[in-house]
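The basis for the numbers below is simple: all heavy atoms, side chains too, and nothing from hydrogens, waters or symmetry mates. Because the structure is a prediction, the values reported are computed rather than measured.
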Amino acid sequence: MNHPWAIFLRAYLGVRIQRARTAPTRGASAVEWVIITAIIAGLATLIKTVVEQKQGEIQNTLGGGNSGS
């Protein structure tokens with residue numbers, strides 16, 4: 001692609017990628033922590049839902065646990 005915008009974009013992205021590769025890392029930023037926390041909260045909610053569904057299935061299979069005299 002020899003269009004001027006394509007050449008500019010390729011050069012610009014090349015510089016940005018090179019800067020990102022050579023930049024010193026100082027740990028996770030606040031945005032990264034928010035993303036990580038959201039993923040963990042989503043997984044916890046998913047696990048809770050699955051456990052509650054299985055609990056309901058077990059209760060239905062065993063008769064709800066109220067069949068004891």
Side-chain angles (χ1 to χ4, degrees):
M1 295 179 58
N2 292 328
H3 192 276
W5 279 105
I7 295 170
F8 169 76
L9 184 60
R10 208 173 330 155
Y12 178 76
L13 289 176
V15 169
R16 296 290 294 176
I17 290 170
Q18 184 62 28
R19 280 188 199 163
R21 287 183 179 163
T22 59
T25 58
R26 296 182 181 165
S29 69
V31 173
E32 291 167 334
W33 281 114
V34 168
I35 292 170
I36 291 168
T37 304
I39 290 170
I40 292 172
L43 287 174
T45 303
L46 178 66
I47 291 170
K48 178 182 178 267
T49 302
V50 170
V51 168
E52 288 175 344
Q53 287 175 349
K54 293 297 178 183
Q55 177 187 6
E57 290 176 16
I58 291 170
Q59 286 178 343
N60 289 338
T61 302
L62 299 177
N66 295 329
S67 62
S69 99

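Applying the 4.5 Å side-chain rule to ILVMFWY residues, one finds that Val34 remains a lone member of its cluster.
Residues satisfying the side chain to side chain donor-acceptor pair (under 3.5 Å) criterion with Glu52, sequence neighbours excluded, are Lys48.
Ring geometry for Phe8 against Tyr12 counts as parallel: the plane angle stays under 30°, on a 0 to 90° scale with 60° as the upper cut.
Asn60 CG to Gln55 CD: the interatomic distance, rounded to the nearest 0.5 Å, is 10.5 Å.
By the rule that hydrophobic residues join a cluster once side-chain heavy atoms approach within less than 4.5 Å of another member, Val51 and Leu43 end up as members of separate clusters.
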